[in-house]
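Structure first, commentary second.
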Amino acid sequence: MKDLLKLAQENIKNAYVPYSKFRVSAVLELKNGEIYKGVNVENAAYGLANCAERSALFAAYSNGVRKEDIKRIMVYTDKDYFVSPCGACRQVMRELMEEEADVIFANSNGEFKEVKNKDLLPFGFTEKDL
Ligand code: THU
């Protein structure tokens with residue numbers, strides 16, 4: 001957990017946040033130990049911002065990773081409180097990670113909160129609804 005935190009802290013500098021100035025860093029750990037990192041990437045057309053969680057997941061999927069490969073994701077901000085993933089990221093995590101995968105929130109005090117992916121989006125829309 002401390003290793004993931006260190007990576008998330010190092011990587012938060014890469015957040016591209018000229019508009020919100022709100023930096024988020026996400027670190028995805030695979031079951032084989034591989035790591036994929038993501039940050040939030042904003043745009044002058046505000047609605048096109050991509051959150052850190054989705055950046056990390058899309059980077060991993062772009063390199064062939066699939067949900068069964070993923071162990072957990074850490075979401076880190078440099079705030080002293082916990083920041084929880086937005087609704088869009090919960091939907092994407094629900095699709096791209098297993099129900100039992102861990103989602104860890106981490107803050108600048110080095111505190112952690114851990115939840116199961118499935119608990120972040122109760123009654124979520126999934127492939128079973130199609
Ligand atoms: N943001 C994330 O990266 N992850 C979240 O789960 C919540 C919000 C980003 C999007 C935007 O760049 C900034 O935080 C402020 O909303």
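Counting starts at 1 for both ligands and their atoms, in listed order. The basis for the numbers below is simple: all heavy atoms, side chains too, and nothing from hydrogens, waters or symmetry mates.
- Residue F22 approaches ligand 1 through these ligand atoms, each under 4.0 Å from one of its heavy atoms: 13 (C), 14 (O), 15 (C).
- Taking 4.0 Å as the cut-off between side-chain N and carboxylate O, E29 and R72 count as a salt-bridged pair.
- Ligand 1 places these atoms under 4.0 Å from at least one heavy atom of P85: 6 (O).
- Counting only heavy atoms, the protein never gets under 4.0 Å from atom 16 (O) of ligand 1.
- Ring-centre distance between Y19 and Y46: below the 6.0 Å cut-off.
- Looking at atom 10 (C) of ligand 1, its nearest protein heavy atom turns out to be C51 SG, 3.9 Å.
- Which parts of ligand 1 touch E53 is read off a 4.0 Å heavy-atom cut-off, strictly below it: atoms 2 (C), 3 (O), 4 (N), 5 (C), 6 (O).
- Using a 4.0 Å cut-off between charged side-chain N and carboxylate O, K71 and D102 make no salt bridge.
- Within the listing of ligand 1, atoms 11 (C), 12 (O), 13 (C) sit less than 4.0 angstrom from a heavy atom of E42.
- At a threshold of 4.0 Å, the pair E100-K118 counts as salt-bridged, since one of the basic side-chain nitrogens sits closer than that to a carboxylate oxygen.
- Under a 3.5 Å cut-off, the side chain of K31 and the backbone N or O of E68 do form a donor-acceptor pair.
- Side chains of T126 and E95: no donor on one and acceptor on the other come within 3.5 Å.
- Close N/O approach between A52 and ligand 1 is found [any backbone or side-chain N/O within under 3.5 Å].
- Below 3.5 Å of separation, one finds an N or O of C86 facing an N or O of ligand 1.
- Using a 3.5 Å distance cut-off with no hydrogens or angles, the side chains of S108 and D80 do not pair a donor with an acceptor.
- Ranking protein heavy atoms by distance to atom 9 (C) of ligand 1, first place goes to N40 ND2, 3.4 Å.
- The ligand atoms of ligand 1 that sit less than 4.0 angstrom from a heavy atom of S20 are 13 (C), 15 (C).
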